[in-house]
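Reminder, nothing fancy here: chain letters follow the sequence lines and each chain counts from 1.
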There are 2 protein chains.
Amino acid sequence: MPANNLAARKRQATKTNDADGNLDYGLLTGLVGYQLRLAQIAVFRDFSETLGGVDITPGLFGVLVVIESNPGLKQTRLAQAVHLDRSSVVSIIDNLERRGLVERQSADRRSNAIFLTNQGMKFLRKVRRLVLAHEKRLIEHLTAKEHKILVALLQKIFPDRR
Amino acid sequence: MPANNLAARKRQATKTNDADGNLDYGLLTGLVGYQLRLAQIAVFRDFSETLGGVDITPGLFGVLVVIESNPGLKQTRLAQAVHLDRSSVVSIIDNLERRGLVERQSADRRSNAIFLTNQGMKFLRKVRRLVLAHEKRLIEHLTAKEHKILVALLQKIFPDRR
DNA sequence: TATTGTTATACTCTATAACTATA
DNA sequence: TATAGTTATAGAGTATAACAATA
């Protein structure tokens, strides 16, 4: 039975597909969920380009900033902050500690307080400069007002978290 | 030397960390890049909840809609559309074909035209209803006007792409 | 020669479950 | 008992490189 519709489908295909190869995105274009997805892809690509030489990702950058802004926080708290399982945070801290950017200091004997090392602070200063350049490029087609509105609207999408 | 700063850091820690455990997100709060990341996480969670029983992800949904809207498109074209490598599309189509949702029809002898099967269309109708419910929940704190503005601003972030 | 699809492979990110040592 | 961190493990998602068949 599916074969029966083939001819009809091919007709529709040539009708729907522009000569220049532009595609139809159907209802996707109007979906916030989909536009977020696309924006995220664009952001990630530009981030990688801007931060080219530096071994960092948006996620790791967020972790470093949260540690910087909350020195001594515990791993579990950090996990909540960045929406990860605490087991996932272990390898992230392992990584950052191996690179000399953060350090675990035992708080009790079962929990760790996490701090940026001096090297980590220095690293973060450099990375922050690049991230801000990246951010600037992200919003280069927005006015200051639009930028403000965009951030506010994004925050409205998930009012319970922070 | 890092140990020298420990006491100072701990003092700062108690100062910075609210008693109720609220964290400081530093400059992250104002970054479009970071807010997009958070929004994306929220979207993905709600998507999974809404689509609970159904074996689908935002990415796969996008693929199905693009195929529906452009019946007969080639795999390479599809890859460009959803910003994936053509090798990645192979396993995606393998998956969807195994489930009887799409079919490869040879166009030449080296390229495939991709179509939704009848079952795929039926599946997509069901999924689309759920995705729209999900989308509705996403924007429930936005007015219609805000919604429109948000989509427009998101599109402005990557004017070259689609 | 260039393109299409494919395979083999490997890497990143993340979660789950089970464990240990503490509190 | 409950909690913090850890380990082992597995799965999803993706890319890169090399290849065969075809244009």
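Summarising the geometry, the separation between CD on Gln75(A) and C1' on dT6(D) is reported as 9 Å, rounded to the nearest angstrom. With rounding to whole Å, Asp108(A) atom CG is found 9 Å from dG5(D) atom P. Going from atom CG of Asn112(B) over to atom C1' of dA23(D) covers 15 Å, rounded to whole Å. Atom P of nucleotide dT7(D) and atom CG of Asp94(A) are separated by 7 Å, given to the nearest angstrom. Phe61(B) places its CZ atom 16 Å from the P atom of dG13(D), with the value rounded to the nearest Å. Taking atom CD of residue Gln40(B) and atom C1' of nucleotide dG13(D), one finds them 14 Å apart after rounding to whole Å.
Asp108(A) and Ser111(A) are linked by a side-chain donor-acceptor pair at a separation below 3.5 angstrom, with hydrogens and angles left out of the test. Under the 3.5 Å distance criterion, with hydrogens and angles disregarded, no donor-acceptor pair is assigned to the side chains of Ser91(B) and Asn95(B).
Using a 4.5 Å cut-off on side-chain heavy atoms (C-beta onward), Pro58(A) and Phe44(A) make contact. Annotation: side chain of Val82(A) is not in contact with side chain of Ile92(A) (no heavy-atom distance under 4.5 Å). Inter-residue side-chain proximity for Gln35(A) and Ile157(B) is flagged as unmet; no heavy-atom pair is nearer than 4.5 Å.
Nucleotides of DNA chain C nearest to Arg37(B) and Arg109(A) differ in position, and the one nearer the 5' end is that of Arg37(B).
Judged by distance alone with a 3.5 Å cut-off, a donor-acceptor contact links the side chain of Arg110(A) to the base of dT3(D).
With sequence neighbours excluded, the residues satisfying salt bridge (Lys or Arg N to Asp or Glu O under 4.0 Å) with Asp94(B) are Arg104(B).
Nucleotides of DNA chain C that come within less than 4.0 Å of any heavy atom of chain A span, from the 5' end to the 3' end, dC13(C) to dA23(C).
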* Could you go through the salt bridge (Lys or Arg N to Asp or Glu O under 4.0 Å) check for Lys156(A) and Glu140(B) one step at a time? => CA-CA 9 Å; Lys156(A) 269 191 162 183; Glu140(B) 70 183 345; over 6 Å; no

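Note on ring orientation: taking the six-membered ring where Trp is involved, the planes of His134(A) and Phe47(A) are perpendicular (angle over 60°, cut-offs 30° and 60°).
Annotation: cation-pi geometry not satisfied between Arg128(B) and Phe61(B) (NZ/CZ under 6.0 angstrom from ring centroid, within 45° of ring axis).
Scanning residues 84-93 of chain A for heavy-atom distances under 4.0 Å to DNA chain C yields Leu84(A), Asp85(A), Ser87(A), Ser88(A).
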